[in-house]
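Any value given below was found using the heavy atoms of this structure, including those in side chains, with hydrogens, waters and symmetry copies removed.
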Number of protein chains: 2
Amino acid sequence: MEKPRLSESQEDYLKEIFKLREVNETVSMQDLARKLDVRPPSVTGMIKKLCAMDLVEHEPYKGVLLTKTGEKIALEVLRHHRLLELYLARHLNYSWDEIHEEAERLEHVISEKFEAAIADLMGHPTHDPHGDPIPTAELELPDTPNLMPLNTFKKRIGVTIGRIMTQDRDILNLLSRLELIPGNSIAFIKNDSAGIRVKVDDNQYLVPHTIARLIWCETVD
Amino acid sequence: MEKPRLSESQEDYLKEIFKLREVNETVSMQDLARKLDVRPPSVTGMIKKLCAMDLVEHEPYKGVLLTKTGEKIALEVLRHHRLLELYLARHLNYSWDEIHEEAERLEHVISEKFEAAIADLMGHPTHDPHGDPIPTAELELPDTPNLMPLNTFKKRIGVTIGRIMTQDRDILNLLSRLELIPGNSIAFIKNDSAGIRVKVDDNQYLVPHTIARLIWCETVD
DNA sequence: ATTGTTAATTAGGTTGGGCTAATTTAGTAT
DNA sequence: ATACTAAATTAGCCCAACCTAATTAACAAT
Ligand SMILES: [Mn+2]
Ligand SMILES: [Mn+2]
Ligand SMILES: [Mn+2]
Ligand SMILES: [Mn+2]
């Protein structure tokens, strides 16, 4: 069982399959093509190779799944990415919206030594600045509280923001300006056709549905 | 004048031409092939492309030179590399012999923002842990004292080590064990057929010629 | 059952950066 | 001048990761 070292593309395919699988029940070629910004035939081709390497399983015309080993690699890349994001924010003064882009490139080239060094330095954190869970060194996902998108609540209730499900820089800037960031507690007031009304400190905002779906929260006990 | 963003290979070619030019009068295809660990026809091919981009000049069967813009790119990569080496050593506890390898991969993917962040954090250093000069943000090489290889001295004299001209990990480990590292002062005793005899603190060592040529020193006033 | 629509695949091509084997050139030694 | 040697170049291939255009498969609607 050797490790033939994957290409950056291959790592990105595995990572993206993993991330899509967290949300959708099934991962289509098209989903992948969209996320990876390539055309569908490229996906078909690459998936064939990953299949031959036993990193994914593919039922043609159905969808694609990670194998155990494929999943481990995805988690390894995800760990790099999320540790890097937190490191850039904490130690190099990057702002919330800048970290993703830089981590996207660095994730493929840092060594295990680098990974361990920054994890140590930061005290083995479990979540990155977007609230995304950081896989452990053993490549297990840490326990995460049960989160629900902000637009799925029904009645007035206090909630704590757990995770922001986008990397769009303008959305992130908007959210940070509104203090809608992981760790902050807000009050869910009501959900009407115009959007979700929330109270942050003493201000009450309307959060459009398109934005609210990206804000995952847990209820405050 | 756009910046079409070079490939990692292309950046390495330019960087290597620059480094060879510091030492040799002329840069041959073969020198490049050796350093870049590729076969000579690959070099001929790549040099043609770099020539077409006006980054190098090439007189066939003579040698290759950087143009002004080619040199700027080489210095940019070199700045990334050397800042990274120092950063890894200072902030992530890398040892002397580990930094080169990691920097070799990171140099191509960090952003200008990352470069500026670590340069700031370290107070805009002028030399990396091997004593290699770090180009400034404006891509000028800093003034460096006049250095001579340890094996070129003639008479007993005190010298300060300025720069170590290798990235070989075993040699670097040897040297650090012997305290033969940039900044340290030693005494040059004599050069005989067996090698160079030096005094470090209270110990007197014989340094083989092959090693001594890599240790560049300035004379102590 | 037939048709239409959309997703997926196949066929075939491009580009970048390598390679080996064969050839040419420059420079040296006889 | 001639012959040899080593460096450089050319010719021709390979492989990864893309692409477009054409084809096929799945499935819903009539
Ligand atoms: Mn990536
Ligand atoms: Mn994140
Ligand atoms: Mn490099
Ligand atoms: Mn160095």
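Rounding to the nearest 0.5 Å gives a distance of 5.0 Å between SG of A/Cys217 and CZ of A/Phe153.
Two rings, from B/His81 and B/His100, have their centers less than 6.0 Å apart.
Within the nucleic acid shown, A/Gln10 comes within 4.0 Å of sugar-phosphate atoms alone, with no base atom in reach, counting heavy atoms only. In this structure, A/Glu59 reaches neither bases nor backbone, as no heavy-atom distance under 4.0 Å exists between it and the strands shown. Nucleic acid contact class of B/Thr44 (heavy atoms, under 4.0 Å, all strands): base.
Rounded to whole angstrom, the span from the NZ atom of A/Lys48 across to the C1' atom of D/dC18 amounts to 15 Å. Distance B/Met46 CE to D/dA8 P: 18 Å, rounded to the nearest Å. For the pair B/Leu50 CG and C/dG16 P, the computed distance is 12 Å after rounding to whole Å. A/Glu11 has its CD atom 11 Å from the P atom of D/dA17, to the nearest Å. Rounding to whole angstrom units, NE2 of residue A/His108 and P of D/dA17 are separated by 12 Å. One can place CG of A/Asp12 at 15 Å from C1' of D/dA16, the figure rounded to the nearest angstrom. With rounding to whole Å, A/Arg34 atom CZ is found 14 Å from C/dA8 atom C1'.
In the model, B/Asp12 has no side-chain atom that pairs as donor or acceptor with a side-chain atom of B/Ser9 under 3.5 Å.
For A/Lys62 and C/dA8, the shortest distance from a side-chain N or O to OP1 or OP2 is not below 4.0 Å. Within the 4.0 Å cut-off from OP1 or OP2 of D/dA16, not a single side-chain nitrogen or oxygen of A/Ser9 is found. The side chain of A/His58 places no N or O atom within less than 4.0 Å of a non-bridging phosphate oxygen (OP1 or OP2) of C/dA8. At the phosphate of D/dA17, OP1 or OP2 sits under 4.0 Å from a side-chain N or O atom of A/Lys49. Side-chain N/O atoms of B/Tyr13 include none lying less than 4.0 angstrom from OP1 or OP2 on C/dG16.
Heavy atoms from other residues, nucleotides or ligands lying under 6.0 Å from CG of A/Asn146 number 12 at most. The 12-atom threshold is exceeded at NZ of B/Lys113, counting heavy atoms of other residues, nucleotides or ligands nearer than 6.0 Å. Taking a 6.0 Å sphere around CD of B/Glu101, one finds it holds 12 or fewer heavy atoms contributed by other residues, nucleotides or ligands. For A/Lys35, the NZ atom sits in a loose shell: 12 or fewer heavy atoms of surrounding residues, nucleotides or ligands are nearer than 6.0 Å.
Of the residues listed (B/Glu104, B/Glu76, B/Glu22), the one engaging B/Lys15 in a salt bridge (charged side-chain N to carboxylate O under 4.0 Å, His left out) is B/Glu104, and it is the only one.
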Counting only pairs under 3.5 Å, give me each side-chain donor-acceptor contact of residues 132-139 of chain A, with atom names and distances, residues two or more places apart or in other chains.
| from | atom 1 | to | atom 2 | distance (Å) |
| --- | --- | --- | --- | --- |
| A/Asp132 | OD1 | A/Arg163 | NE | 2.8 |
| A/Asp132 | OD1 | A/Arg163 | NH2 | 3.4 |
| A/Thr136 | OG1 | A/Glu138 | N | 3.2 |
| A/Thr136 | OG1 | A/Leu139 | N | 3.3 |
| A/Thr136 | OG1 | A/Glu140 | N | 3.1 |
| A/Thr136 | OG1 | A/Glu140 | O | 3.4 |

Inset, instruction - Mark up nucleotides 20-25 of chain D, 5' to 3', with B wherever a protein heavy atom is under 4.0 angstrom from a base atom, S wherever such an atom reaches only the sugar-phosphate, and - elsewhere. - result: BB--BS
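A heavy-atom distance below 4.0 Å to DNA chain C is reached by these residues of residues 23-32 of chain A, ordered by number: A/Ser28, A/Met29, A/Gln30.
Of all nucleotides listed (C/dG18, D/dT10, D/dC19), C/dG18 comes nearest to the side chain of B/Val38.
Put simply, the side chain of B/Thr69 gets close to the backbone of B/Asp54: a donor and an acceptor are under 3.5 Å apart.
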